[in-house]
Student: 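The structure that follows is given in the form of C-alpha cells.
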Amino acid sequence: SEARQGLGFYDLAGELFQPGASDYDALKTQHVAVAAAVLFLFDPTLNRAFRERLGDHPDPQLQSRQLDQQDTLLAEMEVRIKRLLNLDGRKRVHTPLAILVGKCDIWLPMLGESPLEPVINGKELDLAAIAANSLRIRSLLTEVCPNIVANAESLADDVAYFAVSSFGHSPV
C-alpha cells in the first residue's frame, strides 16, 4: 500500500508582521517559528522596480497604488522567528523557506526566451528542474529587488524561489 501524507497550511496576513505590531498580533504569528516550512508570497506588481521593468504592460493589477512593504515584512518575520528561537541575529534557521513570486503570468517574459523547466517527470518531481528554476528566479529577484533575496537568505539556509500564478493569466 502507498504511504500517504497530508499538508496543513496556515495563511497569515502580512499586516501581522508590520514592525511595532501589537503584542496580540505578535502572538498570532508565533507558530511560524516552529513551522516545518515557511512560504512567503511576494507580489511583484507592488514592487516599484518590477513595475518599471514591466513598462506599459496592460495587466490591470499594475494599476494598484498600494504601498510595497514586502521586504520590511520579511525582515520583521526574520526578527520574530529568531527572537522566539533565541537565535543570534547572524544565525540562520534550518526551516525551509519558499519565496513564491506571484502573478508570474505578468513577469515570466523577464526571464528571457526559454521557459521554466517542467518540474513533473512522469509521476515524480524533478528536483533538478526545481533547483534550476529556483536559480533563474533568484537571479531575476537579485537584479530587480535584491532586498527580498537578502532578507530571505539571512533568515534561512534553505531558500527556494518559485513562480506562481492564481489564474495562469491576467484577470479579465
Student: Drop me the distance from Leu155's CG to Thr95's OG1, to the nearest 0.5 angstrom.
Tutor: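 Atom-to-atom, Leu155:CG and Thr95:OG1 are 8.0 Å apart.
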Student: Quick check: is Leu135 connected to Met110 through a chain of hydrophobic side chains (ILVMFWY, heavy atoms under 4.5 Å apart)?
Tutor: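 As far as the 4.5 Å side-chain criterion goes, Leu135 and Met110 are not connected within one cluster.
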Student: Does Gly89 offer a backbone N or O that forms a donor-acceptor pair with the side chain of Lys82 under 3.5 Å?
Tutor: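 The answer is yes, because a donor-acceptor pair under 3.5 Å joins these two groups.
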Student: Under the side chain to side chain contact (heavy atoms under 4.5 Å, CB included) test, which residues partner Pro115, sequence neighbours left out?
Tutor: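 Pro115 satisfies side chain to side chain contact (heavy atoms under 4.5 Å, CB included) with no residue once adjacent residues are dropped.
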Student: Measuring only between side-chain heavy atoms, which start at C-beta, is Leu41 closer than 4.5 Å to Val164?
Tutor: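 A side-chain contact exists here, since the closest heavy-atom pair is under 4.5 Å.
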Student: Who passes side chain to side chain contact (heavy atoms under 4.5 Å, CB included) against Asp157, sequence neighbours left out?
Tutor: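 Per chain and number, Asp157 pairs via side chain to side chain contact (heavy atoms under 4.5 Å, CB included) with Arg92, His94.
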Student: Test of understanding: clusters of I, L, V, M, F, W, Y form through side-chain heavy atoms closer than 4.5 Å, transitively. Do Leu85 and Val32 belong to the same one?
Tutor: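 Same cluster.
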Student: With rounding to the nearest 0.5 Å, note down the distance linking CG in Asn133 to CG in Leu116.
Tutor: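 It is 4.5 Å, given to the nearest 0.5 Å.
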Student: Can you sort out the partners of Asp56 under salt bridge (charged side-chain N to carboxylate O under 4.0 Å, His left out), two or more places apart, ordered by chain and number?
Tutor: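 Counting only residues at least two positions away or on another chain, Asp56 forms no salt bridge (charged side-chain N to carboxylate O under 4.0 Å, His left out).
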Student: Is there a path of hydrophobic side-chain contacts, each under 4.5 Å between heavy atoms of I/L/V/M/F/W/Y residues, joining Leu46 to Val144?
Tutor: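 Not linked; separate clusters.
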Student: Determine whether Phe42 and Leu73 make a side-chain contact, defined as any pair of heavy atoms from C-beta on separated by less than 4.5 Å.
Tutor: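 A side-chain contact under 4.5 Å is absent here.
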Student: Please name all residues satisfying side chain to side chain contact (heavy atoms under 4.5 Å, CB included) with Asn86, sequence neighbours left out, ordered by chain then number.
Tutor: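 So Asn86 forms no side chain to side chain contact (heavy atoms under 4.5 Å, CB included) with any residue.
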Student: With the side chain counted from C-beta on, respond yes when Phe162 and Cys104 share a heavy-atom pair under 4.5 Å apart, and no when they do not.
Tutor: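 No, their side chains stay 4.5 Å or more apart.
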Student: Just wondering, do Val101 and Trp107 contact through their side chains at under 4.5 Å, heavy atoms?
Tutor: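 A side-chain contact exists here, since the closest heavy-atom pair is under 4.5 Å.
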Student: Does the side chain of Cys145 come within less than 4.5 Å of Gln70's, by heavy atoms?
Tutor: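 Side-chain contact under 4.5 Å: no.
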Student: Decide yes or no for Leu140 and Leu111: does some side-chain heavy atom of the first lie under 4.5 Å from some side-chain heavy atom of the second?
Tutor: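 A side-chain contact under 4.5 Å exists here.
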Student: So which pairs with a foot in residues 147-156 pass side-chain hydrogen bond (donor to acceptor under 3.5 Å, both in side chains), sequence neighbours left out?
Tutor: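 Pairs touching residues 147-156 that pass the test: Asp71-Asn147, Glu78-Ser154, Arg138-Glu153, Glu153-Tyr161.
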Student: Is there side-chain contact between Asn47 and Ile148, with at least one heavy-atom pair below 4.5 Å?
Tutor: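 Asn47 vs Ile148: side chains apart.
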Student: Which pairs count as salt bridge (charged side-chain N to carboxylate O under 4.0 Å, His left out) when at least one residue sits in residues 37-51, sequence neighbours excluded?
Tutor: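 Found Asp43-Lys103, Arg48-Glu52.
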Student: Any chance CG of Asn121 has more than 12 other-residue heavy atoms, nucleotides or ligands included, within less than 6.0 Å?
Tutor: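 Result for CG/Asn121: open.
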